[in-house]
Amino acid sequence: EGYIAKLIEKGYKVAICEQLEDPKLAKGIVKRDVIKVVTPGTVVESTILEEKKNNYLMAIYKEGIYFGLAVCDISTGDFYATEIKEENNYAKLIDEISRYNPSELVINKMMNESVEEINYIKQRFNCFISVVDEFDCDYQKIDKEFDLRDDRGESIQSIKTKLFAVSAINGLMYYIEDTQKARLENLNQITIYNTTKYMSLDINARRNLELTEKMRDKSKKGTLLWVLDKTDTSMGGRLLRRWISDP
C-alpha cells in the first residue's frame, strides 16, 4: 500500500497482479493475471484517502458544444450525473469540475481532441486524465441497473431524455469495471441533478473565497470548512464539505 500511495500521488496507474492457481497444483509456470488496476480516481484504501474528503472520479462526454457529466466516489457509492446544454457551456463545465475537484477525469475522443479546452483543464486542475472510447447512449441498461433519483430524492422512471448524461454514465461505468475487474455493488443509485439547482460559484470565486482549500498551499487550515467542521465522523465531514461546495 505504501508503494501504491507514492505512485498514485505521482499520477501513475498501478496494475496489481496475482497468481491465479496453487503453485503445488500448477504444471509449469504458475498462471498470473492483472486482478485490479488502481488509478487516482479508483483508490479505495483508507490509508491513502483523506478521511473527510470524497475522492471523485468524473466522466466528461462531449458532443458538439454540449456536455454530459457523471461523477462518483467508488469508496462511498456517491454517484451524480447531469447535462450542460445552455449558454456558456464550457465555462459551466469548468465550474462543475471545480465543484467536485475530481482526482481523475475520464473523457471521450471529442473532448480529448478539443486541445485548447483540455489544456486549460490540465492547467487549472491537478487531476489525472484517461481517454476512453466506450461512451454509448444505451439508457435501458441504466434504467434497469440503477435506482435513479432527482435532486429532491424523488424516483425517476427513465433517463432516456438525457442522452448526454447517459453516455457519460456508461463511459464512467465501463472505466470502473475495466479497472476494478468487477461490477461494484455499492454503485446502485444515481442522482440526476440540474446545475441550476445550486448556487453558481465559478472556479475563481471558489478559489478566492477559500471555501475548502487555501489559495497558497491548498491546505484546509484557515478555510471556511476548517472553521465550521466540528463533525465527529468522516461521513459527516464529507456531507459538510458538500453543503459548502453546493449552496
Side-chain angles (χ1 to χ4, degrees), residues 5-12 39-43 45-60 62 67 69-76 78 80 82 84 86-107 111-112 114-130 151 193-247:
K6 287 175 184 175
L7 288 163
I8 291 295
E9 199 176 318
K10 292 187 179 291
Y12 288 101
T39 71
T42 59
V43 175
E45 286 77 9
S46 58
T47 52
I48 301 173
L49 295 175
E50 192 179 325
E51 219 178 48
K52 290 187 174 184
K53 183 180 179 183
N54 284 100
N55 184 45
Y56 285 121
L57 171 66
M58 177 183 279
I60 302 173
K62 180 179 183 182
F67 299 96
L69 261 72
V71 59
C72 77
D73 180 341
I74 70 168
S75 64
T76 63
D78 292 352
Y80 308 95
T82 192
I84 301 174
E86 299 96 25
E87 296 175 0
N88 303 319
N89 290 328
Y90 181 67
K92 286 181 179 176
L93 172 69
I94 295 299
D95 294 345
E96 286 305 294
I97 299 174
S98 175
R99 183 198 303 278
Y100 292 102
N101 198 18
S103 56
E104 183 174 4
L105 291 177
V106 179
I107 61 176
M111 186 72 218
N112 190 50
S114 303
V115 179
E116 197 175 318
E117 292 181 354
I118 206 69
N119 283 343
Y120 180 78
I121 289 170
K122 287 176 181 176
Q123 288 169 14
R124 293 304 298 260
F125 301 100
N126 180 29
C127 59
F128 190 89
I129 298 177
S130 302
D151 41 26
Y193 73 96
N194 192 326
T195 53
T196 58
K197 171 81 175 178
Y198 302 100
M199 182 177 174
S200 180
L201 288 170
D202 67 30
I203 183 172
N204 294 315
R206 288 178 188 278
R207 186 167 171 269
N208 294 332
L209 289 169
E210 296 187 324
L211 299 176
T212 58
E213 62 181 29
K214 293 290 288 292
M215 274 198 290
R216 191 173 67 246
D217 57 7
K218 304 288 186 185
S219 66
K220 179 181 170 183
K221 189 173 182 181
T223 63
L224 178 63
L225 179 63
W226 176 76
V227 172
L228 296 178
D229 191 358
K230 304 289 186 250
T231 56
D232 290 327
T233 67
S234 53
M235 287 173 71
R238 289 193 296 266
L239 181 62
L240 181 62
R241 181 185 284 267
R242 181 158 177 80
W243 284 345
I244 291 170
S245 298
D246 300 345

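- The shortest distance between side-chain heavy atoms of S98 and R207 does not fall below 4.5 Å.
- The two residues D95 and R206 have their closest heavy-atom pair at O-NE, 4.3 Å.
- The shortest heavy-atom contact between C127 and P102 is CB-O, 3.3 Å.
- In this structure, D232 places its CG atom where only 12 or fewer heavy-atom neighbours from other residues, nucleotides or ligands lie under 6.0 Å away.
- Counting heavy atoms from C-beta on, the side chains of L105 and F125 never come closer than 4.5 Å.
- To the nearest 0.5 Å, atom CG of residue L57 and atom OG of residue S103 are 7.0 Å apart.
- Using cut-offs of 30° and 60° for the angle between ring planes, the Y90 and F67 rings count as tilted.
- Distance CE/M58 to SG/C72: 10.5 Å, rounded to 0.5 Å.
- Taking OH of Y100 as the start and OH of Y56 as the end, the distance is 6.5 Å to the nearest 0.5 Å.
- Taking all atoms of both residues into account, the shortest heavy-atom contact from L201 to L209 is CD2-CD1, 4.5 Å.
- Heavy-atom minimum distance, D73 versus S75: OD1-OG, 2.5 Å.
- Taking 4.5 Å as the limit, every side-chain heavy atom of L224 sits out of range of all side-chain heavy atoms of T212.
- Inter-residue side-chain proximity for I60 and I97 is flagged as met; some heavy-atom pair is nearer than 4.5 Å.
- The existence of a salt bridge linking K92 and E86 is confirmed by a sub-4.0 Å separation between a basic side-chain nitrogen and an acidic carboxylate oxygen.
- Crowding of K6 atom NZ: a count of heavy atoms from other residues, nucleotides or ligands under 6.0 Å not exceeding 12.
- Checking R124 against N204 by side-chain atom types alone, a donor-acceptor pair falls below 3.5 Å.
- Between the CG atom in N88 and the CG atom in D202 there is a gap of 11.0 Å [rounded to 0.5 Å].
- Here the side chains of R241 and N54 are not in contact, with every heavy-atom distance at 4.5 Å or above.
- E104 pairs in a side chain to side chain donor-acceptor pair (under 3.5 Å) with only one of the listed residues (N55, T42, T39), which is T39.
- Here K220 contributes atom NZ and K52 contributes atom NZ; the two are 5.5 Å apart, rounded to the nearest 0.5 Å.
- Under 4.0 Å is where a charged nitrogen must lie from a carboxylate oxygen, and between E117 and K62 at least one such pair does.
- If you run side chain to side chain contact (heavy atoms under 4.5 Å, CB included) between W226 and each of T223, D229, L228, only T223 comes through.
- Considering only heavy atoms from C-beta on, S114 stays 4.5 Å or farther from N112 through its side chain.
- Atom-to-atom distance recorded for T231:OG1 and R238:CZ is 10.0 Å, nearest 0.5 angstrom.
- Within the 4.5 Å cutoff, the side chain of L225 has heavy atoms near those of the L240 side chain.
- Counting heavy atoms from C-beta on, the side chains of E45 and I8 never come closer than 4.5 Å.
- The 12-atom threshold is not exceeded at OH of Y12, counting heavy atoms of other residues, nucleotides or ligands nearer than 6.0 Å.
- Applying the salt bridge (charged side-chain N to carboxylate O under 4.0 Å, His left out) criterion to D246, with sequence neighbours excluded, gives R99, R242.
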